[in-house]
Amino acid sequence: MADLNAHQKSAVHYIDGPLLVLAGAGSGKTRAITRKIAYLIQECGLAPHQITAVTFTNKAAREMKERVSDLLSSEQTKGLKISTFHTLGLNILRYEHALTGLTPGFTILDAQDAEALLKELCKKSHSDEINEVRAAQWCISSWKNNLLSPQQALSQAEDELVADTARLYADYQRTLQAYNAVDFDDLILRPVQLLLSEPEALERWQNRIRHMLVDEYQDTNLCQYELIKQLVGVRGALTVVGDDDQSIYAWRGARPENMAQLKKDFPRLKVIKLEQNYRSSGRILRSANQLISNNPHLFDKALWSELGPGDPIRILACKNEVHEAEQVAMEILHHRISKRTKFSDYAILYRGNHQARLFEKSLRENNIPYFISGGTSFFARTEIKDVMAYLRLLANPDDNAAFLRIINTPRREIGASTLEKLADYARQRGESLLNTCNAFGLEEHLSSRPRERLQQFSHWFQQTQQRAESDDPIAVIRTLLQDIDYQGWIDDNSANRESAKRRWDNVEELITWLNNLHKGELQEKSLAEMVNHLTLMDVLERQNEEEKSDQVTLMTLHGAKGLEFPHVHLVGVEEELLPHHSSIDEDNIEEERRLAYVGITRAQRTLTISYACKRKRFGELIRCEPSRFLKELPEEDLEWSGRKSKLSEEEQQKRGSACLSSLKALLAE
DNA sequence: TGGGGTGATATTTTT
DNA sequence: TATCACCCCA
């Protein structure tokens, strides 16, 4: 405990009731949480399995696990439950499946699968009003996050479109149940419904959890909060850590009000503030504080630091967006040489993903290694989704979504009209598509050729299912892929050799992951368990690999939360971009300000903010204003570059080449 | 079934 | 401007 400050210590030691830790940016909240877990085990006599800690991302969960195991022996951490909300929900559902009408092999549909299913359902019945499936999906998701049933949603609907969407929601939930499937939101929602309606289950889980810890608490939505409340019960053994100034997910249902709500629901709530910042130098911190003081606050908090003032904050005014990207690349090259830093000390943070492209270009042109965090995840790739769909169907024969995905991949000459007839008959019999392939009486609906094809598939699949019951899962998967010659299918369907190779490598990597899960410490036994585990996972392992090498990090402000970098470039700090124009329209400047605040507080030693005066947008060149947030920073801590000297373009070019030659001189040195 | 043409549409994203 | 989904046709 020696390396904790007094406030951190009291947060760790306080176990008499519910505790809210208001942890400012860089105040060592992860340290406090991990110490508290260690304290509960070592000093308070709790067994590791009685402690549940939840985070929002796999990455955060993994980091927390690592840091706890640095403090404790492996014996002391055995059974400790540190996971994401969704994994916690999955575990509850898995254990209590009998009470929910799900069978153990149930499928988790990811957002993509769910969208495809909704599209399908729309086509069938709700077509007229709903032409925006994604909007409907978003709407249904927020209903779920706000604990609204389809009936409630319908009764609250104010117009026909919403009413239709509510009916789609009802249809969607029915279909999911029929498929023996849940979506991501259900992983939280269904456990909540279960705990509310089944007192025995509630008691079981409340007894199991003797202390609960929640990270990034300001990001919880209503449904997640309800889950916490149910699990904690009257005992109130709860520690939550959060920072309302870093709430940047209100747009997807997060409720920073949950921090205030806690006080109402747990009157005994103790509040501890962590205000000493260990990350950033003084000027950076002062700027952040001053910026965020323009927002109203639920709780007052004043961050301070002992790290000394540090460098002023550089503001780069750039001619246009191309220029901005070049400048930033130049600055990084220059700075790295003169300060003898590593590329991995730098991060370029931006509001929207599309901004990455320009920086990618300029970094590449200057031979600066970089990696872009975000983008298509491993599990969204077609080849991975295909293989996963085969596995899903093995685990859950009712998973019609998986069936539809793979029935004609690779090609089996089973077309849309065949499937439609099959689906009609399946609905009539109340059975899954897979089952219906062999159903009695199918010949009345389908002519012999397509029927034979379906039966051939189903026959082969049955054999595979049988093998899956006894054989090693990995061997089953390998045989399955050989049977369908999936590698051949990839070869035939890739643009070129390289992409074919890459895609097959991805499949191999998936198998490696499955293998690790199977042999790993968690001992995931069944295919279903492994498949569900993988659905909730993401790129974390490979991201990890990339972080290790010396590269500049490019990511969105949202992606940067929870991270820190010695040198940060905050780019595109313009009106309409940060704050984003849609937030300006919706009068939601505060969240944008918090976003800027998150960006600033990522910086440890230097912060460079840049903006362009002109920018191409949707094909046309528009004039840009520097962000209003710049005016909210303390002028005396800023160092302007570019704007105040009214250089002609020509002269700027000269300066650019002067910069380049001085750089070359440095390199030669 | 896949390619090419067409028209809509441009945040943030985890699980 | 650039992308992407969708539709139609060969």
Side-chain angles (χ1 to χ4, degrees), chain A residues 54-61 83-90 93 108-116 119 123 131-135 137-138 141 144-145 182-189 215-216 219-221 223-224 227 247-254 321 349-358 373-377 379-380 408-416 489 492-495 532-540 543 555-562 572 576-586 588 591-592 594-596 598-599 615-622:
Chain A
V54 284
T55 62
F56 279 86
T57 64
N58 286 308
K59 199 175 165 190
S83 72
T84 61
F85 267 102
H86 294 265
T87 303
L88 173 64
L90 171 62
L93 272 190
I108 302 167
L109 295 187
D110 67 19
Q112 233 182 53
D113 302 326
E115 191 190 331
K119 206 174 280 174
K123 237 190 270 173
N131 41 24
E132 286 286 339
V133 176
R134 301 192 86 135
Q137 183 178 26
W138 189 86
S141 173
K144 286 185 173 185
N145 290 335
V182 297
D183 67 13
F184 280 143
D185 297 320
D186 287 335
L187 286 175
I188 319 284
L189 176 63
D215 191 19
E216 303 280 11
D219 288 340
T220 51
N221 60 37
C223 193
Q224 287 157 340
L227 182 65
S247 158
I248 53 175
Y249 285 109
W251 54 273
R252 67 172 197 216
E321 78 276 24
L349 307 179
Y350 37 80
R351 176 67 230 258
N353 275 315
H354 65 278
Q355 290 170 264
R357 250 181 245 147
L358 285 158
S373 166
T376 6
S377 91
F379 288 94
N408 209 26
T409 305
R411 210 158 302 142
R412 296 189 181 90
E413 298 184 287
I414 298 169
W489 159 259
D492 296 344
N493 286 282
S494 301
N532 281 346
H533 193 130
L534 281 184
T535 310
L536 293 185
M537 276 226 264
D538 216 24
V539 270
L540 70 171
Q543 237 177 33
M555 64 168 91
T556 63
L557 289 165
H558 286 90
K561 192 166 73 153
E576 306 275 295
L577 212 50
L578 182 69
H580 196 273
H581 67 85
S582 49
S583 292
I584 297 174
D585 294 347
E586 286 163 31
N588 196 11
E591 183 145 316
E592 298 288 314
R594 289 192 290 266
L595 210 41
V598 166
R615 186 179 288 275
K616 233 182 206 165
R617 199 137 148 245
F618 306 147
E620 66 184 329
L621 197 66
I622 54 160

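In the text below, chain A, chain B and the rest are named by the order of the sequence lines, each starting its count at 1.
Every side chain to side chain contact (heavy atoms under 4.5 Å, CB included) that A:Thr556 has, sequence neighbours left out, goes to A:Tyr350, A:Asn353, A:His558. When the salt bridge (Lys or Arg N to Asp or Glu O under 4.0 Å) test is applied to A:Asp186, the partners found at least two apart in sequence or on another chain are A:Lys144. A search for side chain to side chain contact (heavy atoms under 4.5 Å, CB included) contacts involving A:Asn145 returns A:Ser141, A:Asp185, A:Asn221, not counting sequence neighbours. Looking at residues two or more places apart in sequence or on another chain, you find a side chain to side chain contact (heavy atoms under 4.5 Å, CB included) between A:Trp138 and A:Ser142. Every residue two or more places apart in sequence or in another chain that forms a salt bridge (Lys or Arg N to Asp or Glu O under 4.0 Å) with A:Arg134 is listed here: A:Glu115. Evaluation of the side chain to side chain contact (heavy atoms under 4.5 Å, CB included) rule for A:Ala250 yields A:Glu591 as partners, not counting sequence neighbours. With sequence neighbours excluded, the residues satisfying salt bridge (Lys or Arg N to Asp or Glu O under 4.0 Å) with A:Glu216 are A:Lys29, A:Lys561.
A:Asn221 comes within 4.0 angstrom of no nucleic acid atom, judged by non-hydrogen atoms across all strands. Within the nucleic acid shown, A:Lys561 has no heavy atom closer than 4.0 Å to any nucleic acid atom.
Here the side chain of A:Arg594 pairs a donor or acceptor atom with the backbone of A:Ser247 at under 3.5 angstrom.
You'll find the side chain of A:Asp215 stays beyond 4.5 Å of the side chain of A:Phe56, heavy atoms only.
C:dC6 and B:dT11 are spaced 24 Å apart, taking the C1' atom of each and rounding to whole Å. Going from the P atom of C:dC4 to that of B:dT13 covers 16 Å, rounded to whole Å.
Protein atom CD of A:Gln137 is 16 Å distant from nucleotide atom P of B:dT13, rounded to whole Å. Between A:His533 atom NE2 and B:dT15 atom P there is a gap of 12 Å when expressed in whole angstrom units. Between the CH2 atom of A:Trp489 and the P atom of B:dT1 there is a distance of 7 Å, rounded to whole Å. Between A:Trp138 atom CH2 and B:dT14 atom P the separation is 17 Å, expressed in whole Å. Look at CG on A:Asn145: it is 15 Å from P on B:dT15, rounded to the nearest Å. Protein atom CZ of A:Arg252 is 9 Å distant from nucleotide atom P of B:dT13, rounded to whole Å. The NE2 atom of A:His558 sits 4 Å away from the C1' atom of B:dT12 (whole-angstrom rounding). Rounded to a whole Å, the CE atom of A:Met555 is 14 Å from the C1' atom of B:dT14.
Residue A:Arg412 is the one, among A:Phe56 and A:Arg412, whose nearest nucleotide of DNA chain B lies closer to the 5' end (criterion: closest heavy atom).
A:Asp110 contributes atom CG, which lies 12.0 Å from atom CG of A:Leu534 (distance to the nearest 0.5 angstrom).
Between A:Arg411 and B:dT1 there is a side-chain N or O to OP1 or OP2 distance below 4.0 Å. A sub-4.0 Å separation between OP1 or OP2 of B:dT13 and a side-chain N or O of A:Thr556 is present.
Where DNA chain C meets chain A (any atom under 4.0 Å from a heavy atom), the bounding nucleotides read 5' to 3' are C:dT1 to C:dC6.
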Using atom names, set out every protein N or O paired with an N or O of nucleotides 4-11 of chain B below 3.5 Å, distance rounded to 0.1 Å.
unit_1: B:dT11; atom_1: O4'; unit_2: A:His580; atom_2: NE2; d: 3.3
unit_1: B:dT11; atom_1: O4; unit_2: A:Ser582; atom_2: OG; d: 3.4

